[in-house]
Asks: 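Pasting a structure below so you can have a look.
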2 protein chains.
Amino acid sequence: MNKSIADRIEQYIKVLIARSTDRQIEIQRAELAETFSCVPSQVTYVLRTRFTEKDGYYKESRRGGRGYVRITELQQECGGLLGSNKLIQFINQLSTEKLLNERETAMIKHIIINAGNDLPLEYRIRVNEGIAVALRQFLEIN
Amino acid sequence: MNKSIADRIEQYIKVLIARSTDRQIEIQRAELAETFSCVPSQVTYVLRTRFTEKDGYYKESRRGGRGYVRITELQQECGGLLGSNKLIQFINQLSTEKLLNERETAMIKHIIINAGNDLPLEYRIRVNEGIAVALRQFLEIN
DNA sequence: TTATTAAAGGTCAAATAAGGTCAAAGAAGG
DNA sequence: CCTTCTTTGACCTTATTTGACCTTTAATAA
């Protein structure tokens, strides 16, 4: 079974991330497409299908001159502890269930990603748990 | 991660401001352009896109001989450590200014009260500061 | 003192350089 | 076949770079 281009691009990106010191890389979409002799939107496709938030990745990008796509692999956390990606999944779920509207979803995600950023992991997890509890209370669920 | 000229000029200016005693500097547009080997209007572009009032900067300029551009970084007033009451006050202010609606205000307050609750004070302060910064970013204010 | 000139900075639009979206066509697997 | 995943390309939005032309002000010449 011959790997598809998408598979190879996925592998390539994952190797880059693994090699990085901070689980974060920046790529040029066009350059990567060039490397794999495919159209740029193929790269977009790979990012859309294999580097989702649910997979534990966070993406940012900028257009125009010197544009880029930055991919961050969120810290994998163990057991029942609530890391940022799990919390974001939870938020997404609330959004799907229409318990949060679009703006609320974006706002809370922004806070989660940015607020506890520089805290030691254990504290971040506790903050995340607090946020989850608060949200549950506020929305009167569970 | 190859920075654009615009990015480098931005950095340069920010370093100058940081080094200044009064968060205020004066530059010569043409000279700066010379330094970065670009056209003068490139500097104008950087000032227009990255040193706006929303970003917390104030600009004055004068044309003609001995012309200049003066850039002042407005002092962020909530300089001290951010306890929960201060943060709540801040949220209330956002609410008064209609930047947050009633539900959003209540939700965020709920989160603030619960999120860092059982953390040591120093961490709770850091969380609060993170939340304030994230909110400012999200609402695009200073 | 007044008129002229040179030395700034400002504006705006075109050219260029990215990344994003979407839908259609093609391929793989059941 | 039918569905799902992949590949491709046309078109869109955003960011940067550049240059021609405009306006303001200080210095200087008359």
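Naming: A, B, ... by sequence-line order, numbering from 1 per chain.
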Asks: In whole Å, I'd like the distance from the CZ atom of B:Arg70 to the C1' atom of C:dA8.
Replies: 15 Å

Asks: Can you give one letter per nucleotide of nucleotides 17-30 of chain D, 5' to 3': B if a protein heavy atom sits under 4.0 Å from the base, S if only from the sugar-phosphate, - if neither?
Replies: BBB---BBBS----

Asks: Which residues pass the side-chain contact (heavy atoms from CB on, under 4.5 Å) test with A:Gln137, not counting sequence neighbours?
Replies: A:Val133, B:His110, B:Asn114

Asks: Write down the atom of B:Ser20, the atom of B:Ile25, and the distance for their closest heavy-atom approach.
Replies: CB-CG2, 4.0 Å

Asks: Could you tell me the separation between the CD atom of B:Glu26 and the P atom of C:dG9, rounded to a whole number of Å?
Replies: 11 Å

Asks: Are side-chain N/O atoms of B:Gln93 and B:Glu97 paired as donor and acceptor at under 3.5 Å?
Replies: yes

Asks: Would you mind checking if B:Asp55 and B:Lys14 are paired as a salt bridge, meaning a charged N to carboxylate O distance below 4.0 Å?
Replies: no

Asks: On the six-membered ring of B:Phe138, is A:Lys109 placed so that its NZ or CZ lies under 6.0 angstrom from the centre and within 45° of the ring axis?
Replies: no

Asks: Rounded to whole Å, how long is the line connecting atom CD of A:Gln28 with atom P of D:dA15?
Replies: 16 Å

Asks: Tell me whether the OP1 or OP2 atom of C:dG19 has a side-chain N or O from A:Thr44 closer than 4.0 Å.
Replies: no

Asks: Would you say A:Arg50 reaches D:dT6's phosphate, i.e. side-chain N/O to OP1/OP2 under 4.0 Å?
Replies: yes

Asks: Roughly how many Å is it from CG in B:Leu32 to C1' in C:dG10, rounded to a whole number?
Replies: 16 Å

Asks: Grab the CD-P distance between A:Glu10 and D:dC5 for me, whole Å please.
Replies: 14 Å

Asks: Specify the separation, in whole Å, of atom CD1 of B:Ile27 and atom C1' of C:dA8.
Replies: 13 Å

Asks: Using 0.5 Å steps for rounding, measure from the OG1 atom of B:Thr105 to the CG atom of B:Asn92.
Replies: 7.5 Å

